[in-house]
Amino acid sequence: MKVMISTLSLALSLAVAGPAVAAEKKPTASTTTASAKPTAADADAFIAAAEKDLFDYTVEASQVNWVNATYITEDTDAMAARINAVGTEKAVKYALEAARFSDVAGLSADTRRKLDILRTGLVLPAPTKPGAATELNQIATSLQSQYGKGRGTLNGKEISGSDIEAAMGDLNNTPAQFAEMWTSWHDNVGAPMKDDYAKLVGIANEGAKELGFANTGAMWRSGYDMSPEEFAKTTERLWQEVKPLYMALHTYVRWKLNEKYGDAVQPKTGPIRADLLGNMWAQEWGNIYPLVAPKGSGDLGYDVGDLLTAQGKTPIDMVKAGENFYSSLGMTPLPETFWKRSQFLKPADREVICHASAWDIDNKDDIRIKMCIKVNSDDFTTIHHELGHNYYQRAYNKQPYLYLNGANDGFHEAIGDFVALSITPQYLVDIGLLDKAKVPSADKDTGLLLRQAMDKVAFLPFGLLVDRWRWGVFDGTIKPADYNKAWTQLRTQYQGIVPPGERPANAFDAGAKFHIPGNTPYTRYFLARVLQFQFYEAACKQAGWKGPLHRCSFYGDKSVGAKLNAMLEMGASKPWPDALEAFTGSREMSGKAMADYFAPLKTWLDEQNKGKPQGW
């Protein structure tokens, strides 16, 4: 999945936070005497000082981290580690200060919300003991750098991370080649990180306990306007609402892989071999769609990547197309600085982190994306997704500093994804990419839905299990010696997949997924998969769409854009149910819209799966 880097998310994560006000004394809680009982006025003053300080600090910190991500050297690693260490230390200070005001009488709702954001918004809190913040950031920076420099092999030859991702989706490769790439990537990238990751967990847990949380995982689950326990139950409820759809898809795909490769490679029963699903992490299966396409309706007649190539479109053209979608909704075009400062291509002369991300550097309008764009369908969709972050960031840029974020982190991911759902055949016609005569007929709908489900539905259990694993790591139920065993078990339990071969005792396969060494909470992506369909259904209703939901495009509907922007402008200023209700009319996240969207496919899958074993 992709990453969104806003100044607030950066500030309240391992990477950055604001330093305490040092140049001059501010009326913060830290300036009161030890015996003084803090007042509501003290809390207001503390928040005002913290917001100003964090706002200023994150500009420099974001610039340094941008340089580190786009120019990886030992020097930029060191620069990032230094500034991030200051940030982490001060973020924890602010969180501890905020906790002092939790029982103060007379707090305004606004101040209390901001105090809660400071206290619960950290990703990796360092304890206050000397040197802890520096050590935490050195480890974290090293882990990210190791990932960015990661290599696998194909036919015995070294291959970069971005190239190996593409090769995993190339159906011209053999099962042996897929196994080589999968194994080499996991061995080379993941295994060396294990000991450092265990150290990082221990330090972060010390910091979380100082803030009053049982562990770092409990702290992560506290940022959703509900208790950690309620949040865990909510995500499980959402999974149960969509699980039948995943089970039907898994059964169908397993059978098709067996037909392609035979019993020796992929049996008719049991889990699916992870390297056969067209993606290094088996999180999205769209690359193997040609293997599972239904006869008669599976050939859609076009591939977006081929359409782009046929018209000679460049990576910049692809980004311009994404911008055009948002402009069609009435949103202001991207600033000139976006085009000058973003990274669109992988430089030939240096190491960079190619993993797609969207950045807000200055809390205003210095918004950027960082990608290594290839002219293909996946990156065309990813661009629409990343720009969703950027337009969200700019929409709420007039909010106070602590509200410069999404209503919850799932919202931020869902915005770009729900716009990408509108990349329908009609949209491709509207932007001149697809000939109207080649729009798939209604009898191709099964193929259209299956193609989407191979990414959208296939992702659901992976989106859930990544943090399920980390919650166990943080609370100690998963010990370092069992890191890989537990990871593999969860992958089998939720996804129904297994590695292509036995894993060595020192394996750390979780580390081969960017978001683990990158310390990015992952449940947001699961929430986004659900929320995007709620947003999409609401937008299509507002646009007056009358046809099948999956054919709807609200491209060019400025009334939808106005209502959407009104929600985006709220940022994190209100509890997420308020924001959800503002656009969809509902205050509860639900998997129903997603289930309804794919209901015709579910009916078809059940028919195909008759007499075939389900589960593993």
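The figures that follow rest on heavy atoms only: side chains count, while hydrogens, waters and symmetry mates do not. Sequential numbering from 1 along the given sequence is applied to the chain's residues.
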Salt bridge (Lys or Arg N to Asp or Glu O under 4.0 Å) partners of E165, counting only residues at least two apart = none
Donor on one side chain, acceptor on other, E230 and S227, under 3.5 Å | yes
Side-chain donor-acceptor pair under 3.5 Å between N65 and N84, yes or no?
-> yes
Under the salt bridge (Lys or Arg N to Asp or Glu O under 4.0 Å) test, which residues partner D379, sequence neighbours left out?
-> none
Not counting sequence neighbours, which residues clear ring pair (Phe, Tyr, Trp, His ring centres under 6.0 Å) with Y483? List them please.
-> W469, F508
Identify, with sequence neighbours excluded, every residue that meets salt bridge (Lys or Arg N to Asp or Glu O under 4.0 Å) alongside D475.
-> none
Looking only at side chains, do H412 and Q393 share a donor and an acceptor under 3.5 Å apart?
-> no
For R470, enumerate each residue passing the salt bridge (Lys or Arg N to Asp or Glu O under 4.0 Å) test, keeping only those at least two apart in sequence or located in another chain.
-> D467
W66: partners by ring pair (Phe, Tyr, Trp, His ring centres under 6.0 Å), with sequence neighbours left out | W359
Whether H389 and H385 hold their rings parallel, tilted or perpendicular, with breakpoints at 30° and 60° = perpendicular
Under 6.0 Å between ring centres, would you say that holds for H515 and Y525?
-> yes
Sequence neighbours left out, what passes ring pair (Phe, Tyr, Trp, His ring centres under 6.0 Å) with F231? Give chain and number order.
-> Y224
Working for side chain to side chain donor-acceptor pair (under 3.5 Å), residues D110 and Y403 = CA-CA 10 Å; D110 185 65; Y403 294 155; 2.6 Å; yes
Residues two or more places apart in sequence or in another chain: which of them pass side chain to side chain contact (heavy atoms under 4.5 Å, CB included) with L345?
-> P315
Contacts satisfying salt bridge (Lys or Arg N to Asp or Glu O under 4.0 Å) that involve residues 395-408 (not counting sequence neighbours) are none
What residues, two or more places apart in sequence or in another chain, satisfy side chain to side chain contact (heavy atoms under 4.5 Å, CB included) together with Q146?
-> S142, L143, P192, M193, D196
Pairs where residues 338-359 contributes a residue and the test salt bridge (Lys or Arg N to Asp or Glu O under 4.0 Å) is met, not counting sequence neighbours | R151-E351, R341-D366
List in chain and number order the residues that pass ring pair (Phe, Tyr, Trp, His ring centres under 6.0 Å) with F213, two or more places apart in sequence or in another chain; answer none if no residue qualifies.
-> none
Please work out which of the three classes, parallel, tilted or perpendicular, describes the rings of W576 and F411, given edges at 30° and 60°.
-> tilted
